[in-house]
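Shown next, in structure tokens, is the structure this report addresses.
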Amino acid sequence: MIKKMYKTGISKLTGMKFPEWSTMVQPFSVLRKSNTKNDFHLSPFQVMVQKEIADHIRNWRFIILFAIILLACMGTLFSTLSDSLKTLGANNSESAFFFLNLFTKSDGTLPSFFVFVGFLGPLFGIGLGFDAISSEQNGGTLSRVMAQPVPRDYILNAKFLAGIIVISVMLFSLSFLVMGAGLIALGIPPTAEEFLRIIVYTLLSIVYISFWLNLSILFSVRFKQSATSALTGIAVWLFFTIFYPLIVNLILKGFEPSQYASPNAIYVYKKLKFYLVQIMPNELFDEITSAILVPSVRSLGPLTMEQIQGAIPGSLPLGQSILLVWPQVTGLLALTLLCFLFSYLIFMKREIRSRG
Amino acid sequence: MVEKSIEIVGLTKKYGDHVAVDNLSLSIEKGEIFGLLGPNGAGKSTTILMLLGLTDVDSGSVKVCGIDTTRYPLEVKRRVGYLPEDVGFYNDYSGLQNLIYIARLNNIPIESAKKAALEILSEVGLSDVKDKKVISYSRGMRQRLGLADVLIKNPDVIILDEPTLGLDPEGVKNFLQLIVRLSRKKGITVLFSSHHLHQIQQVCDRVGLFVKGKLLAEGKISSLAEQLFSKNTFTIEGAITSMPKDLEEVVIPINEVVKKMNQLDGVAEVGLSDKRFVAVSEKDVTAELSRLIVKSGYGLNHLSKKEYGLDDIYHQYFQEEKKHDQKNV
């Protein structure tokens, strides 16, 4: 059965027609051709977005980051696959969501896919945005573009939108690549639920990376030097991934209840521990990931015994999983919008001189 | 009535306590080449930024082509081409691509943008390097590309902020000629800011002298002197030679001649050093001076009336200001 599906998968692949290279290089050429008679042309904003995307894709920084993420994900994918193929037959309860395991499980040699996305995603976001405005300012191109009849926020919006488009394309292609590889290697198609979960996960990772993108755009608006803005972005990232957990641990040490403390005290302590880490965007994203990709996760914070009583162990439907992390999703979106708002405020009031 | 391209009334801009532009009023007619002259930090660039709505106006009003900049900056930017000081281009793109990008930002469809860009590139003499990346361009080429960039949207007004900065003398000359030629051909109003006196003198119809955020004087260069200095605007230089001794004529000592010069109507001051003299006067006394010298038995080697250049206006203004400051102290 597996073998048969594997074969059809391959035959379908070879039967696919690849679009011509020229249309891939110029994604808008197809559009343009079909519309030349109607005097079709892109609006200034679309032109700006198009240029930003082209700049990102041609940029070595992007190519290197993309290569790193691609290699990391491929590495984990193969180690997961080789591992999963062995356990596939033996395992029964976990294999209900086998495709999700491709994203979350690993054989221990390499971290899993979602860890890589959570770890490299912020770097990617920072890498795309840290010189968005400051490089234009230092290159003297900002005042030239701003002297054109385009509203001032166009440039900010174009940078942001182009970044999101690039990130979305990258993440979706990675997710689909992992899914496709799993499909070919195992011959089992994902269920609708699994597919939806993966799509939701990908969408939320886009939100997460766009938070870092926005943060770095904010720094690039605020700081004149691209290096300052890049370092500040990385500093924030390091703070949240390394130092803030340390600080939280220090604080929690002081509140740690004794072994014989009342359950209430322990509950309060656990709650405190839970809330202290909630302001970290990476923690928010970790929680979102675990709830979306592991359907058996039923709660993120501490639970009392009464709450567990009577619960049937099993997986949640997608809607319930999303409901579970709804606060986290809202928090992440709010942080993203806040960064965008601040960069907007700073930029709109700014005096635009040539070079500094 | 002549149409006004730029009208500034009571414009003021403050940075904290520092007043960058102080109650400036200025109007520039259509088709004129106006030179904004002033030392560094005089507020020229700030004024230009306010003309384009790139910085907030504290008080006063700016109208470009009859449109209020603070209210409709986009409308103004559609009609005004602005070449910033030390303009930057996308270095990874060719000159042509840079131009097309700017044209497309002006909502020109890509096909006509390309056509227009090629035309303008040949006009500014860059057609042979149009496909090279801008990073390989020389300073002069960049400046010319900047001018092309300004012209591609068919502006009514172009504003050039220190466009000749960093160009060699030949480059400056060519660039200025290019500006004049294009402006005359298309009837474009040009506002040209510089602290280089000669360049302004070469190309501008009218000049505004701008110091510490204030417009001290404006008008034709010749009338500028009269505005700034109420008297003693003429300087006459000459050199005297003594005639051969054997001629039997009464020779008056040179000092006497100088005294007589001083007594001429309108002469304020005569300086003499080694047979060269400089007379400063209220009115043109060249003829009287020459007659006096010849009558006194001397030969006149040369006599020249010095036209006031901006240089002199500039220097003299600052000298007077220094004196003024010292008095105040």
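These numbers come from a predicted model, not from an experiment. Lettering of chains follows the sequences in order, A, B, ..., and the numbering in each one begins at 1.
In this structure, OH on B/Y90 lies 3.5 Å from CD on A/E136, to the nearest 0.5 angstrom. The structure places CZ of A/R144 at 9.5 Å from CG of B/L83, a figure rounded to the nearest 0.5 Å. Here CG of A/L42 is found 10.0 Å from CG of B/N107. Values are rounded to the nearest 0.5 Å. Within the model, atoms OG1 of B/T55 and NZ of A/K349 stand 9.5 Å from one another, a figure rounded to the nearest 0.5 Å. Annotation: the span from A/R152 atom CZ to B/K77 atom NZ amounts to 6.5 Å, rounded to 0.5 Å. A/M146 CE to B/L49 CG: the interatomic distance, rounded to the nearest 0.5 Å, is 13.0 Å.
Counting all heavy atoms, side chain and backbone alike, B/L105 lies closest to A/V145 at CD1-CG1, 3.8 Å. Nearest heavy atom pair, residue B/Y82 against residue A/A147, reads CD2-CB, 3.6 Å.
Contacts of B/D149 with chain A are made by side-chain atoms alone, with heavy-atom separations under 4.5 Å and no backbone atom involved. When heavy atoms are compared at a cutoff of 4.5 Å, B/D56 approaches chain A solely by way of its side chain, counted from C-beta outward. In this structure, chain A has no heavy atom under 4.5 Å from any part of B/V150. Only the side chain of A/R58 comes within contact range of chain B, judged by heavy atoms closer than 4.5 Å. No part of B/Y72 comes within reach of chain A, as not one of its non-hydrogen atoms sits under 4.5 angstrom from that chain.
Counting non-hydrogen atoms of neighbouring residues, nucleotides and ligands closer than 6.0 angstrom, the NZ atom of B/K186 exceeds 12 such neighbours. For A/K51, the NZ atom counts as densely surrounded, since its 6.0 Å shell holds more than 12 non-hydrogen atoms of other residues, nucleotides or ligands. Annotation: A/F119, atom CZ; neighbour count of heavy atoms from other residues, nucleotides and ligands within 6.0 Å does not exceed 12. The local environment of CZ in A/F342 is sparse, with at most 12 non-hydrogen atoms from other residues, nucleotides or ligands closer than 6.0 Å. Atom CZ of A/R222 has 12 or fewer heavy atoms from other residues, nucleotides or ligands within 6.0 Å. A 6.0 Å sphere centred on CZ of B/R71 holds no more than 12 heavy atoms belonging to other residues, nucleotides or ligands.
Most heavy-atom pairs under 4.5 Å with chain A: of the set B/L54, B/L52, B/T46, this distinction falls to B/L54. For chain A, the option among B/N91, B/N98, B/I159 with the highest count of heavy-atom pairs below 4.5 Å is B/N98. Of the listed residues A/S135, A/S43, A/P151, the one with more heavy-atom pairs under 4.5 angstrom with chain B than any other is A/P151.
Within the 4.5 Å cutoff, the side chain of A/P149 has heavy atoms near those of the B/K153 side chain.
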